Every structure is written in C-alpha cells, then in structure tokens.
Colleague: 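Starting off with a structure, shown below.
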Amino acid sequence: MPELPEVETIVRQLAPALRGQRILKAKVLRRDVLRESPTRFRGTVAGAEVRSVTRRGKNIVLSLSASSTSRFLVVNLGMTGQLLLRCHPRRPARPTHVAVAFSLDSGDSLLYADSRRFGRLALFSPEEWEAESERLGPEPLSPGLTPWTFHHGLAGSRAPVRSWLLDQTRLAGVGNIYACEALYRAGIHPARTGASLEPADSARLLMTLREVLREAIEARGTTLRDYRTASGEEGSFVAFLRAYGREGESCPRCGTPIVRIVFSNRSAFLCPRCQPEAPGGGP
DNA sequence: AGTGTATCCTGCAGGC
DNA sequence: TGCCTGCAGGATACAC
C-alpha cells in the first residue's frame, strides 16, 4: 500500500506534531511487528525525545534522543500499516489492529496499527541505520538523481523495467501503483527490459515518475483500502489513476481497453496500444 | 543476475 | 446467507 507519496504525506503531518515531544512509554500489543523483544523496545523508547521525523524510501524515520544515546526508530508500513496521531481531547474511536501504542508527554498518542502485520518497527543505532540507508537506492525526487544516472542504471539491467523500478536497492520508494502509472504515462511496456530503453525513453520515464509522485503527494496519496494519513484521512489520488486497477476501462489517451498482466507475481496494468511490447512502436 | 515460489497475516470481493 | 477461493499497496529467503 504505502509507497513514497503515502509515506511522505504521513511524515509531513507527523514532523511538526512530534518534533520535541517525549515518548513517555510504549505499549506493545503485537510483538511480531518488532525485531527485538518488547522489553528491550520499551526500554529504548521510553523517555526518548523525538528530534525529527523524516522519510527514506518507504520508511518513516524517527530520530530519537535518549539520555545519552541516539537511536533511529524506523517504521516500514508493509502493506497495511498505519501510523496515526490521536490527539488527546477528541478521543476518537480507537482504530482496529493496534500493534504498538506510544504515549507522548503532550497527552497525545501515536498508534501503529497493521491488520496484516507485514510492517515493522525497528530500532537502529546511527551507524546501523546509516548502513541500512546505504543499501537503498537514490530518492526518485532527489535532484542528485540525474537522467544520465537513471538511464545507466536501467541500461545495465536485463530485468523488466517495472522490476527495476520496484527494487528498493536501485530506487527507493517506488511501489507497484506508481511504477505502473509512470510507465503508462511514459508509454513504456512494464515488461520491457531496462537495457532495451533508449536514453529518451528513460528520460521520459524519470520525468513521468517524478510527475506522478508529486501529484500523488499533493493528493495525500492513494487509498485503495487500508492506507490512512497520520490524521486518519484517506488519500485522494485513486481518482487520478489512469491505468492501475482499471482493467477493461478505456485508456484515457487512446480508448483501447486497459489490460492486466501478471509477471514476477504482481499485477501490471497497461494500455497495449500506448505501451507496445516491442520498443519503437510508440504511442 | 533474474525469476518464480513461498512466507509472513488478515480482510474483503466475487462465485456458487 | 454462507462457504470457498483468490487477491491485495511490501519485503525477504530460497531454489533454479
């Protein structure tokens, strides 16, 4: 569910709200979302102050400072994870599937809920997190990622371009929805190999990828079912999806029915006319 | 180097 | 209505 725009939305809401707040305690209701023992987890976060909330790929990164050490609490939402900030006075209904509940010194609580529990809350030392972060590819929206770098990454891969886009070690933050949307907009078939892309193709793809990510951030993400912002609202980008989930509907560009194909065990949605399988056909 | 498969889980839609 | 099957935005480990 949560890809870069969804995680970015959550981070933008949480950063100003959590900065400077102290975590009084953590209550662990489902221990399998943690990597370590609940006792150790509670001990590390209790009393820590939140210094900053940032994003790296699809990860929410809380920088914590405890009495003498600093730690990173890294939240990966998996498919159905939600990180919700509940403000004390209003006391809305508690979400279902809460796995970890943090109480903050303001009286607010920060809840991690996750029905499928594919998500993880992991604690890292600064060195460990730096190493983890280095395993991830560049941020798609970073100006440091140039069309040249992007093209050369793709050109060296015989994998389908969608697989390349989804590989977090090559590019951090792109998931199935936005990969499909960017490929649709660029007129590139998702199963074409990275190596088959001309420089103009990859330049166009980087442009449409950035465009769709920015538009989705503006819409606060795509809610298909479970995703919620930190304040519990749905994202509205689902209305702007042109290919993803639209099997059988007309291509907005040419009217050909959108088809769904499956490879690497995942669905891809595409317009067979605008996204020809053989390179060179073009829209 | 890549792919397919299985795994972690639950919930929901669709078929019968 | 109710049971069953398939499917889902992610990440990872494994065999081939």
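In this text the structure is predicted, and so the values were computed from the model without any measurement. Numbers restart at 1 for each chain; the letters A, B, ... are given by sequence-line order, proteins then strands.
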Colleague: Identify whether a stacking contact exists between A:F118 and B:dC8, where the ring centres must be under 5.5 Å apart and the planes under 30° apart.
Modeller: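 By the stated criterion, A:F118 and B:dC8 stack.
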
Colleague: When the distance from CD1 of A:I261 to P of B:dG4 is rounded to whole Å, what number comes out?
Modeller: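 The answer, rounded to whole Å, is 11 Å.
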
Colleague: Report yes or no: do A:R56 and A:S133 form a side-chain donor-acceptor pair below 3.5 Å?
Modeller: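 The criterion, which ignores hydrogens and geometry beyond distance, is satisfied for A:S133 and A:R56.
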
Colleague: Return the value, rounded to whole Å, for the distance between atom CG of A:D167 and atom C1' of B:dG2.
Modeller: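 Atom-to-atom, A:D167 to B:dG2, this comes out as 11 Å.
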
Colleague: Rounded off to whole Å, could you give me the CZ-to-P distance for the A:R56 and C:dG10 pair?
Modeller: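 It works out to 17 Å between those atoms.
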
Colleague: Using the ring of A:F124 (Phe, Tyr or Trp, six-membered ring only), decide whether A:R35 places NZ or CZ under 6.0 Å from its centre and within 45 degrees of its axis.
Modeller: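 Yes, A:R35 lies over the aromatic ring of A:F124.
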
Colleague: Should the pair A:R228-A:E233 be classified as a salt bridge under the 4.0 Å nitrogen-to-oxygen rule?
Modeller: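 Not counted as a salt bridge, because no side-chain N and carboxylate O are separated by less than 4.0 Å.
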
Colleague: Toward the 5' end of DNA chain B, which comes first, A:A159 or A:N265, by nearest nucleotide?
Modeller: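 Comparing both residues, the 5'-ward one is A:A159.
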
Colleague: Nearest-Å distance, CG (A:L171) to P (C:dG10)?
Modeller: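 Distance, rounded to whole Å: 13 Å.
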
Colleague: Would you kindly give the CZ-to-C1' distance between A:R158 and B:dG2, to the nearest whole Å?
Modeller: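 Computing the A:R158:CZ to B:dG2:C1' distance gives 8 Å.
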
Colleague: Between the side-chain atoms of A:R120 and the base atoms of C:dA11, is any donor-acceptor pair under 3.5 Å?
Modeller: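 Such a pair does not exist between side chain and base.
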
Colleague: Among the candidates B:dC9, B:dG2, B:dG4, find the nucleotide nearest to the side-chain atoms of A:S264.
Modeller: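 From the listed options, B:dG4 comes nearest.
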
Colleague: Where along residues 126-142 of chain A does a heavy atom come under 4.0 Å from DNA chain C, residue by residue in number order?
Modeller: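 Contacts with DNA chain C under 4.0 Å: none.
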
Colleague: Using the 3.5 Å cut-off, write out each protein N or O paired with an N or O of nucleotides 11-15 of chain B and the distance between them.
Modeller:
{"unit_1": "B:dG11", "atom_1": "OP1", "unit_2": "A:H97", "atom_2": "NE2", "d": "2.6"}

Colleague: Does a side-chain N or O of A:S267 approach OP1 or OP2 of C:dA8 to a distance below 4.0 Å, or not?
Modeller: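 Answer yes for this pair, as a side-chain N or O of A:S267 is under 4.0 Å from OP1 or OP2.
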
Colleague: Does the Lys NZ or Arg CZ of A:R42 fall within the cation-pi geometry relative to A:F102 - under 6.0 Å from the ring centre and within 45° of the axis?
Modeller: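 Because its charged atom misses either the 6.0 Å distance or the 45° angle limit, A:R42 does not stack over A:F102.
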
Colleague: Rounded to whole Å, please give me the gap between CZ in A:R266 and C1' in B:dG2.
Modeller: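 From A:R266 CZ to B:dG2 C1': 16 Å.
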
Colleague: Rounded to the nearest angstrom, tell me the gap between atom CG in A:N59 and atom C1' in C:dA11.
Modeller: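 For the pair A:N59 CG and C:dA11 C1', the rounded distance is 11 Å.
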
Colleague: Could you see if A:F150 belongs to whatever hydrophobic cluster contains A:L166? Use Ile, Leu, Val, Met, Phe, Trp, Tyr and a side-chain cutoff under 4.5 Å.
Modeller: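 No, A:F150 and A:L166 fall in different hydrophobic clusters.
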
Colleague: Is the shortest side-chain N/O distance from A:Y244 to OP1 or OP2 of C:dG9 below 4.0 Å?
Modeller: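 Yes, such a contact exists.
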
Colleague: When the P atoms of C:dC7 and B:dG4 are compared, how many Å lie between them, rounded to an integer?
Modeller: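 Per the computed distance, 16 Å lies between those P atoms.
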
Colleague: Taking 4.0 angstrom as the limit, do A:R220 and A:E8 come out as a salt bridge?
Modeller: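 No, A:R220 and A:E8 are not salt-bridged.
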
Colleague: Checking side-chain polar atoms at under 3.5 Å, does A:T222 have a donor or acceptor matched by the opposite partner on A:Y178?
Modeller: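 Yes, because at least one side-chain N or O of A:T222 sits under 3.5 Å from a partner of the opposite role on A:Y178.
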
Colleague: Please state the C1' separation for the pair B:dC8 and C:dC3 - nearest whole angstrom.
Modeller: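 The answer is 25 Å between these two C1' atoms.
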
Colleague: Charged N to carboxylate O under 4.0 angstrom, A:R55 versus A:E139?
Modeller: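 Yes, this pair counts.
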
Colleague: Could you spell out the base pairing of DNA chain B as a dot-bracket line? Use Watson-Crick and G-U wobble contacts where both distances are under 3.5 Å, [ ] for crossing pairs, | for partners on a different strand.
Modeller: .|||||||.|||||||

Colleague: Kindly confirm or rule out a cation-pi arrangement of A:R246 over A:F269, judged by NZ or CZ under 6.0 Å from the six-membered ring centre and within 45° of its axis?
Modeller: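 No - A:R246 does not lie over the ring of A:F269 by the 6.0 Å and 45° rule.
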
Colleague: Ion pair present between A:R117 and A:D114, side-chain N to carboxylate O less than 4.0 angstrom?
Modeller: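 Answer for the salt bridge query: no.
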
Colleague: Where do A:T193 and A:S196 come nearest, in terms of heavy atoms and distance?
Modeller: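 What the structure gives for the nearest pair is O-OG, 2.8 Å.
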
Colleague: When you check the phosphate oxygens OP1 and OP2 of B:dG2, does a side-chain N or O of A:S157 lie under 4.0 Å from one of them?
Modeller: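 Yes, because at least one side-chain N or O of A:S157 sits under 4.0 Å from OP1 or OP2 of B:dG2.
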
Colleague: Quick one: the side chain of A:R117 and the base of B:dC9, do they pair up donor-acceptor inside 3.5 Å?
Modeller: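 No.
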
Colleague: Which is it for A:T208 and A:Y184 under the side chain to side chain donor-acceptor pair (under 3.5 Å) test, yes or no, and what are the steps along the way?
Modeller: CA-CA 9 Å; A:T208 59; A:Y184 168 79; over 6 Å; no

Colleague: Among B:dT5, C:dA8, C:dA11, which nucleotide sits nearest the side chain of A:K58?
Modeller: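 Nearest to the side chain of A:K58 among the choices is C:dA11.
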
Colleague: How is A:R162 classified with respect to the nucleic acid when contacts are heavy atoms under 4.0 Å: base, sugar-phosphate, or nothing?
Modeller: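 Since no nucleic acid heavy atom lies under 4.0 Å of A:R162, the category is nothing.
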
Colleague: Roughly how many Å is it from CG in A:L241 to P in C:dG9, rounded to a whole number?
Modeller: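 A:L241 atom CG is separated from C:dG9 atom P by 12 Å.
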
Colleague: Is the phosphate of C:dA11, meaning OP1 or OP2, less than 4.0 Å from a side-chain N or O of A:R116?
Modeller: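 Looking at the OP1 and OP2 atoms of C:dA11, neither is under 4.0 Å from any side-chain N or O of A:R116.
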
Colleague: Given salt bridge (Lys or Arg N to Asp or Glu O under 4.0 Å), test A:R116 with A:D226 step by step and report yes or no.
Modeller: CA-CA 10 Å; A:R116 287 172 77 179; A:D226 301 294; over 6 Å; no

Colleague: Any base atoms under 4.0 Å from A:D114, or only sugar-phosphate, or nothing? Heavy atoms, all strands.
Modeller: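 Nothing: the residue A:D114, judged by heavy atoms under 4.0 Å, touches no strand.
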
